[in-house]
Amino acid sequence: MGPRPENTSIGSSADKPADGNVAGSDEGRSLNFIEQIIEADQRTGKNDGRVHTRFPPEPNGYLHIGHAKSICLNFGLAERYGGLCNLRFDDTNPTKEDVEYVDSIQEDVKWLGFDWEDRLYYASDRFEELYQFAERLIEEGLAYVDSQDLDEMRANRGTVNEAGKDSANRSRSVEENLDLFRRMRAGEFPDGAHVLRAKIDMTHPNMLMRDPLLYRIRHAHHHRTGDSWCIYPMYDWTHGQCDSLEGITHSICTLEFETHRALYDWFIERLGLHHPQQIEFARLNLSYMVMSKRKMLELVESKLVSGWNDPRMPTISGLRRRGFTPESIRAFCHRIGIARMNSTVDLSWLEQAIRDDLNVRAPRVMGVLRPLRLVIENYPEDQVDDLEAANHPADESFGTRSVPFSREVYIEQEDFLEDAPKKYFRLSIGREVRLRYAYLVTCTGVVKDDEGNVIEVRCTYDPESKGGNAPDDRKVKGTIHWVSAKHAVDAEVRLYDRLFNQETPEDVPEGQDWKDSLNPDSLEVLGGAKVEPALAGAEPGTRFQFERNGYFCVDDASTSECLVFNRTTTLRDSWSKQQSNS
RNA sequence: UGCCCUGUAGUGUAACGGUAGCACGAUUGACUCUGACUCAAUUAGUCUAGGUUCAAAUCCUAGCGGGGCAACCA
């Protein structure tokens, strides 16, 4: 990539795997409650010791970090116990679903590093089987066609404090039910005319058991089955049977399906099928983030973000574009654990996970975000030094590269201060700092514009300090990064901050909209950044550490004419923390 | 005036009637050609009240707090 043949390819090693297991060793780790269930099942010989899980998204949106938790759980369990994990699309609602989502979901699961092999299933592939099951239920008097309208049905369902009332249609004969149901399938009725319901108990304290709907009429085009169906099964009628037919042993879902478990079991038992165990765990909540598909869709559609893969979004595609590695996301999911209690993980955990990973695998490079010209008065006009710089401070296998140095360099604006406090280790008039890998320089003065802004810093260098060390071994506390002005490559750098200012943006105070807490400064675009020449032509997706500035990833929009970087995350910064604390 | 689930350091999770641990953070120090990394140390916890027990985070009762359930969504 770089123009200099002596360089090792600093970009290509960006995806070099971290040594050691970034996800942490499982040895000696205590078991989460699901692993305990599985191990107990294996001890008793349930399912012949088999472990078979599944990840069952509805293709109605892009996957996000919360799905990643579920993916890591389901595929991880299969891996840990020598079992299998399926990918299944829960595509029973044609009006909300699309192949765009089917494709992106597969891409994201693969990118995360998981493989369903030949076990890709669609609930829609089982519409016929599910239909036959429904006829069986009708024949056994366990289901009936109801013809109440929506409002009637709602009214008769009762409330959490009041029992529901039986529908007048509840006593229809098996023959009539079968006839009506077949005609529903045949397309004789308009949307909403009838539904098929299970006959359970309209007074049940669990609302889900008050004669739940199995089928609704929907004359809609399905992204897979086309127009061959006009009745579509509901989630509850679909999910457990699909689990069962796929031979799933442990059907893991989030807590909001807890009350559905009674129904799940009821259907499987009446049908006499293999009985997977539904197990619920707490979904992931992240501070300063919204995770509902509805809200994310609204952000996308109202152009408050650039798309599903906006680097500020919690989507897998957003995180990928932001520069996250799959390993870091898996490590994050591992670190947050699995439990049944609702909780909120701080957004900083995600940053910490990517820092840990990139620290090991990202080559170091120098880039100046907000340039300030530094002129080295005693350095000859036409001279250029080629200085050797390590691509990684702790891993020699990354090799070295050569960085050109000349009389004028750019330094970071914040690395110069006229009135500097004692503990400021950077440049100020009369003070000496090290230009990383280059020379020690001492500031002699500044040039200001009419308004008094510093537009140039002057200094002298110690020719004896080439490479960064003085012959007399004098200690220089500060080391700053730089880029040779005449060799610099221009770049656009996009800095990201949290999307919301509210820790829990979903908790909206009355009279406000959840979008009111959007952070207006979540994106800052720096158009005039300067990076070292080795970065010219860096491929989209390549990750670097800009020393002292953070981790950066070449954006998909980057071209050879115009480099564009996304800042994945900053480095930890105890200096600015110290500043803000005092 | 229902049913179900759930309360452990700041955060996330362990402890399965028997020593309350771990991770992340925070703080301090060491190291340092990244105020990064690394290393060391420190910090801080069982919602409340009763009860059972030799022994309770764990079991029981009551209270308090959080979440879910009344789409022809998943």
Side-chain angles (χ1 to χ4, degrees), chain A residues 24 28-33 36 56-58 60 90-93 95-97 146 149-150 153-155 157-164 191-197 204-210 213-218 231-232 234-236 238-239 253-262 280 282 287 293-294 334-346 348-349 352-353 355-356 359-360 364 366 389-390 392-394 423-426 433-438 440 467-469 476-481 545-550 570-579 581:
Chain A
R29 183 173 69 86
S30 53
L31 267 32
N32 67 45
F33 78 98
Q36 291 181 20
E58 183 190 14
N60 67 344
D90 233 331
D91 53 351
T92 58
N93 187 354
T95 60
K96 288 189 175 177
E97 297 156 7
D146 197 359
D149 66 32
L150 235 107
M153 208 170 307
R154 185 172 301 138
R157 186 146 34 218
T159 70
V160 290
N161 295 316
E162 287 169 63
D191 288 6
H194 306 283
V195 293
L196 185 72
R197 302 179 77 174
H204 200 108
N206 178 351
M207 299 287 297
L208 261 325
M209 300 297 274
R210 320 242 266 223
L213 270 62
L214 270 39
Y215 278 91
R216 74 284 212 188
I217 299 172
R218 193 151 287 186
I231 57 172
Y232 289 94
M234 302 289 287
Y235 165 84
D236 286 304
T238 308
H239 200 89
C253 60
T254 46
L255 246 27
E256 65 266 31
F257 292 101
E258 220 166 345
T259 47
H260 294 245
R261 191 174 61 236
E280 311 87 15
S287 61
K293 279 184 188 169
R294 209 206 90 232
H334 187 261
R335 202 175 279 179
I336 59 177
I338 299 294
R340 281 178 67 81
M341 184 183 66
N342 288 298
S343 61
T344 300
V345 174
D346 196 273
S348 66
W349 281 47
Q352 199 51 46
R355 277 193 198 114
D356 286 351
N359 176 49
V360 171
R364 315 286 131 123
M366 291 195 286
H392 197 290
K423 287 282 189 76
Y424 186 77
F425 302 143
R426 309 174 191 183
V433 298
R434 175 184 298 106
L435 294 178
R436 185 135 162 98
Y437 297 120
L440 300 181
N469 290 306
V476 174
K477 186 80 179 165
T479 299
I480 63 175
H481 59 278
Q545 184 195 95
F546 288 5
E547 295 206 37
R548 306 207 306 135
N549 265 328
T570 59
L571 260 25
R572 271 180 58 184
D573 185 355
S574 54
W575 165 245
S576 68
K577 191 182 297 172
Q578 190 182 319
Q579 292 296 288
N581 284 354

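In what follows, chains are A, B, ... by sequence order, proteins preceding strands, each numbered from 1.
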Does B/A55 fall in syn (glycosidic angle within 90° of 0) or anti?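 Base orientation: anti.
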
Check: Does the side-chain ring of A/Trp349 lie flat on the base of B/G12, meaning centres under 5.5 Å and planes less than 30 degrees apart?
Finding: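 No.
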
Check your understanding: Does the side-chain ring of A/Trp575 sit on the six-membered ring of the B/G35 base, less than 5.5 Å centre to centre and under 30° in tilt?
Key -> yes

When you measure from the side chain of [X], which nucleotide among [options] comes out closest?
X: A/Thr259; options: B/U32, B/A71, B/G68; answer: B/G68
X: A/Glu547; options: B/C4, B/C73, B/U34; answer: B/U34
X: A/His260; options: B/A74, B/A14, B/C72; answer: B/A74
X: A/Arg364; options: B/U27, B/C72, B/U34; answer: B/U34
X: A/Lys96; options: B/U13, B/C73, B/G68; answer: B/C73
X: A/Leu208; options: B/C69, B/C72, B/G35; answer: B/C69
X: A/Arg572; options: B/C37, B/C73, B/G2; answer: B/C37
X: A/Ser343; options: B/A14, B/C72, B/G12; answer: B/G12
X: A/Lys577; options: B/U6, B/U27, B/A36; answer: B/U27

Next item on the list: Verify, without hydrogens or angle tests, whether A/Asp573 (side chain) and A/Ser576 (backbone) share a donor-acceptor contact under 3.5 angstrom.
Entry: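 Indeed, once roles are kept as given, a pair shorter than 3.5 Å links the two residues.
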
Check your understanding: Is A/Glu97 reaching over with its side chain to a backbone N or O of A/Asn93, donor-acceptor style, under 3.5 angstrom?
Key -> yes

According to a strict under-4.0 Å criterion, is [X] in side-chain N/O contact with OP1 or OP2 of [N]?
X: A/Ser574; N: B/A36; value: yes
X: A/Gln578; N: B/G35; value: no
X: A/Arg218; N: B/C73; value: yes

Tell me the interatomic distance from [X], atom [atom1], to [N], atom [atom2], rounded to whole angstroms.
X: A/Arg340; N: B/A14; atom1: CZ; atom2: P; answer: 12 Å
X: A/Ile480; N: B/G35; atom1: CD1; atom2: P; answer: 10 Å
X: A/Glu256; N: B/G67; atom1: CD; atom2: P; answer: 14 Å
X: A/Arg261; N: B/U6; atom1: CZ; atom2: P; answer: 9 Å
X: A/Leu31; N: B/U13; atom1: CG; atom2: P; answer: 16 Å
X: A/Asn342; N: B/U8; atom1: CG; atom2: P; answer: 12 Å
X: A/Asp191; N: B/C73; atom1: CG; atom2: P; answer: 10 Å
X: A/Asn206; N: B/C69; atom1: CG; atom2: P; answer: 12 Å

Note to self: Checking A/His481 against A/Arg548 for the side chain to side chain donor-acceptor pair (under 3.5 Å) test, could you report, in this order, the C-alpha distance in whole Å, the side-chain angles of both residues, the deciding distance, and whether it holds?
What the structure shows: CA-CA 8 Å; A/His481 59 278; A/Arg548 306 207 306 135; 3.3 Å; yes

Determine whether any donor atom in the side chain of [X] lies under 3.5 Å from an acceptor atom in the base of [N], or the reverse, and answer yes or no.
X: A/His481; N: B/A36; value: no
X: A/Arg426; N: B/G35; value: yes
X: A/Arg335; N: B/U13; value: no

Salt-bridge criterion met for A/Asp356 and A/Arg335 (N-O under 4.0 Å): yes

Item to complete: Please determine if A/Arg218 and A/Asp191 form a salt bridge, counting it only when a charged side-chain N lies under 4.0 Å from a carboxylate O.
Response: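 Not counted as a salt bridge, because no side-chain N and carboxylate O are separated by less than 4.0 Å.
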
- Message: Do A/Thr159 and A/Asn161 pair up side chain to side chain, a donor and an acceptor below 3.5 Å, judged on atom types alone?
- Response: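 No, because no side-chain N or O of A/Thr159 sits under 3.5 Å from a partner of the opposite role on A/Asn161.
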
Using the P atom as the reference point in each nucleotide, state the distance between B/A62 and B/C24 in Å, no decimals.
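Result for the P pair: 41 Å, nearest Å.
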
Margin query: Between A/Trp575 and A/Arg426, is there a side-chain heavy-atom distance shorter than 4.5 Å?
Written below: yes

Paired with B/G18 by Watson-Crick or G-U wobble geometry, both distances under 3.5 Å: which nucleotide is it?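 Answer to the pairing question: B/C54, which forms a Watson-Crick or G-U pair with B/G18.
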
